[in-house]
There are 2 protein chains.
Amino acid sequence: MDERKKKVLLAIVKDFISTAEPVGSRTIARKYQLGVSPATIRNEMADLEEMGYIEQPHTSAGRVPSDSGYRYYVDCLMEKQTLGEAEKEYIRQRFSKRIREIQDVINVSAELLSEMSNYTSLIMGPYQKSERIKQVALLPLATDKALLVAVSQSNAVSNYLLDIPPSLTEADLERITRVWNSRLKGVAMAEIGKEVLDDIYQELYAYRKVIQAIVDVLLGDGDQSAGGHISLSGALNIFNQPEFKDLDKVRGILELLESPDVIREILANSPETGLSIKIGGENQVEGINECSVVTATYVVDGELMGHIGILGPTRMDYAKTVTLVETMAQQLREVLSKLYE
Amino acid sequence: MDERKKKVLLAIVKDFISTAEPVGSRTIARKYQLGVSPATIRNEMADLEEMGYIEQPHTSAGRVPSDSGYRYYVDCLMEKQTLGEAEKEYIRQRFSKRIREIQDVINVSAELLSEMSNYTSLIMGPYQKSERIKQVALLPLATDKALLVAVSQSNAVSNYLLDIPPSLTEADLERITRVWNSRLKGVAMAEIGKEVLDDIYQELYAYRKVIQAIVDVLLGDGDQSAGGHISLSGALNIFNQPEFKDLDKVRGILELLESPDVIREILANSPETGLSIKIGGENQVEGINECSVVTATYVVDGELMGHIGILGPTRMDYAKTVTLVETMAQQLREVLSKLYE
DNA sequence: ATTAGCACTCAATCCGATAGAGTGCTAACA
DNA sequence: TGTTAGCACTCTATCGGATTGAGTGCTAAT
């Protein structure tokens, strides 16, 4: 892979990303100064095609990057980009209001990501398990039902209806709450292990069933199945992409995005740390083989809180998308840390 | 409007609803036994067109019902329909589980409506204002923040973050809660008028600011702007409609449906009681002039709780849709009444 | 009043010609 | 040996014209 081939590949990828049209040798020679004639470029292109980096939709069309072409671009050719001052200012401004609980932060982030990228943004989290309990309360609703209210460090509130033995009085509930709060304030959900519980059991042996129910509900899939809340924004941006001018394709994608489980799967197999870029067929999830996904995680206090990502066509503006995802993950870390202090 | 014209119009509407193709005189003569020749039907059709009930996409095409044509069909020609036993059973079965709080009921209803109609279902409610308060609680989160938890008669839980004066102690909060619950249990939100409040103010004069904040948040747009929660299901069903095989049309509708406010507007101007059918241009909302909306309200205990509706193309199966909406509104009334007892 | 017959209209479909973009190959050139 | 100009070739997209077929409106006969 000599220098000139790289330049040609870079030109093809860039041009195709911005025009969505197969790019020919003449175009490259004209728009990108390589100092060689179209014929030479054609030779290089033939080589690149043989290497699998580009392909031809049909004999007399220009070349289009293949998945591996994009991969090579992303790994070796792409120049880092940084957000403009105006964009940074816009982000700051959007984060400057309405931030009381974590869900506000998540929603704003999702909107920002999709607005600024023109693709679809996905955010998963915060994960119940990495949250610290700030407070719980049990409100009696009926003789056999109570409402469990759990507030996390980040002011996320969860409610669960609990079935309780009718014998429990209001005073009982208050006592459970009092003990629980005194022992478990600030403890991460995941750490509510047996040791901690034993402590409480000792004191509240009579109520062990209720305690167990509370633990189950807090740890388990009380709210959502594994993976926390899903926010999605800009799903309809896919209508902007010329490669999705086909009704069935659009429908397929939109149907996938309707399922939180699919979104969890899309986001889930990205690494714990750093950025992940999945290009076209690299995606495990069936049905988004013409899409790429850029994901990152956000971490607070050393705990993995969730994943964020952008989904767009394989012909996405990787440089910009990567910058956006990175910036936003960073923003999330900062804003959430403040919220947690 | 003689008898035969009605028959011809009915045939046109029915045929177009089921085939989505303009219907010609020959088709009518063949498929619907009117005992007359195509030529006669053509004459009737010319008359019907002059009356504005049908129109021609172009000279050599068949006829298509106009908005007024559908209107006449709905008002005068449509035969009532009733759900099959299998369908009723399916509804019963879907309602037989997971019903603990009102939102469960709403979600199941929305899914059922869209599944069974193949159109898009919209549900608004329950309205905060018609809910009765079962219980409130104030949990201290920080020195200047408290969580207000309000549980309604139907076990709907709402959470609000309140800013409170740092001077308030935990005991203060408990006292407010106790007085509030003893005075206002079972009172409808809308009835928290000045008289009731005066009563509380008297007892808790020192806390009047907090009380006022609570009232504001419960009554006002604490949660959503006027109109309660919005559930939507089956938005992608419009991909099934041949008249929406155009990307831009689909996009337009889907964009509208992304906005809760638009949905509120669509549902809002339907009458307090009974069924409403808005056909095409009869809809006030810009952008759904090629759609029809069938709506009804659900009422519990004499209180208007919310609106439900189905949105589909003007060429919708009105008979079936009406039956579905009516059935579901009835179901909602029943299930919710049980939930409230 | 109804109907058969017929001329007419118009969208949709198919077909062939054309234009244009782009390639690969060959031969010439530095 | 690498580069380039030239050229024949391929394939898609587009456009116009002919054809088809469904359906109408009108007229004249029943």
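Below, read A as the first sequence line, B as the second, and so on, with proteins coming before strands; counting in each chain starts at 1.
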Could you check how far [atom1] of [X] sits from [atom2] of [N], rounded to whole Å?
X: E44(B); N: dT3(C); atom1: CD; atom2: P; answer: 11 Å
X: H58(B); N: dC8(C); atom1: NE2; atom2: C1'; answer: 15 Å
X: I41(A); N: dA5(D); atom1: CD1; atom2: P; answer: 12 Å
X: E3(B); N: dA1(C); atom1: CD; atom2: C1'; answer: 18 Å
X: R30(B); N: dA22(D); atom1: CZ; atom2: C1'; answer: 11 Å
X: E21(A); N: dT12(D); atom1: CD; atom2: P; answer: 15 Å
X: N43(A); N: dT1(D); atom1: CG; atom2: P; answer: 15 Å
X: L48(A); N: dT23(C); atom1: CG; atom2: C1'; answer: 15 Å

Task: Presence of donor-acceptor pair under 3.5 Å, side chain of R26(A) and base of dG22(C) - done: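 Side chain to base: no pair present.
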Open item on the list: Between the base of dC10(C) and the side chain of T59(B), is there a donor and acceptor pair under 3.5 angstrom?
Closed with: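 In this structure, the two groups form no donor-acceptor pair.
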TODO: Determine yes or no for a side-chain-to-main-chain donor-acceptor pair under 3.5 angstrom, with S259(A) supplying the side chain and E255(A) the backbone.
DONE: no
TODO: Let me see the working for E326(A) and K80(A) under salt bridge (charged side-chain N to carboxylate O under 4.0 Å, His left out), right down to the final yes or no.
DONE: CA-CA 11 Å; E326(A) 268 175 352; K80(A) 273 260 162 176; 3.2 Å; yes
- [ ] Answer yes or no: is there an ion pair linking R94(A) with E89(A), defined by an N-O contact shorter than 4.0 Å?
- [x] no
Open item on the list: Please confirm whether the ring centroid of Y70(B) lies under 6.0 Å from the ring centroid of Y318(B).
Closed with: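 Ring centroids of Y70(B) and Y318(B) are less than 6.0 Å from each other.
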Hey, is the side chain of [X] poking within less than 4.0 Å of OP1 or OP2 on [N], counting only N and O atoms?
X: S60(B); N: dG23(D); answer: no
X: R63(B); N: dA22(D); answer: no
X: T40(A); N: dT3(D); answer: no
X: S25(B); N: dT24(D); answer: yes

TODO: Applying salt bridge (charged side-chain N to carboxylate O under 4.0 Å, His left out), run through R71(A) and E282(A) and close with a yes or a no.
DONE: CA-CA 10 Å; R71(A) 170 52 61 197; E282(A) 296 173 10; 2.6 Å; yes
Side chain of [X] (C-beta onward), nearest among [options]:
X: R42(A); options: dT2(C), dC25(C), dT24(D); answer: dC25(C)
X: R4(A); options: dG20(C), dT3(D), dC10(C); answer: dT3(D)
X: E49(B); options: dT4(D), dT23(C), dG25(D); answer: dG25(D)
X: Q56(A); options: dT12(D), dT23(C), dA11(C); answer: dT23(C)

TODO: Select from A39(B) and A61(B) the residue whose nearest nucleotide in DNA chain D is closer to the 5' end of that strand.
DONE: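 It is A61(B) whose nearest nucleotide is closer to the 5' end.
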Open item on the list: Nearest heavy atom decides the nucleotide; on that basis, is T27(A) or V36(B) closer to the 5' end of DNA chain C?
Closed with: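 So the residue in question is V36(B).
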